[in-house]
Asks: 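Can you read through this structure? Questions will come right after.
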Amino acid sequence: MSSLVVDLILVGLAYVVLIYFIATLTRNKLSRNKGSNDDGDGGVEDFTPPKIDLPPGVIWPSDAPRKKTPRKPVEV
């Protein structure tokens with residue numbers, strides 16, 4: 001076998017070993033505590049969106065007036 005084939009086999013083997021170690025070392029540590037409902041983040045959960053201060057005259061589409069006035073037909 002040529003040295004290129006040997007090098008490719010060694011690189012492939014090193015790649016497999018490296019991926020194995022990365023997969024085992026980066027496993028989620030919380031998966032060991034299956035009885036816990038804690039997600040580990042801590043803090044207070046606040047799911048309300050932030051109120052963004054808009055410039056004068058700009059409104060959100062959800063704050064737009066809901067009532068539509070019917071338009072009179074245009075006579076041509």
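Numbering starts at 1 and runs along the sequence shown.
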Asks: Roughly how far apart are Leu13 CG and Leu8 CG, rounded to 0.5 Å?
Replies: 12.5 Å
Asks: Do Ile59 and Ile52 belong to the same hydrophobic cluster, where Ile, Leu, Val, Met, Phe, Trp and Tyr are linked whenever their side-chain heavy atoms lie under 4.5 Å apart, directly or via other members?
Replies: no
Asks: In a check of side chain to side chain contact (heavy atoms under 4.5 Å, CB included) between Tyr20 and each of Thr24, Val17, Leu18, which one passes?
Replies: Thr24
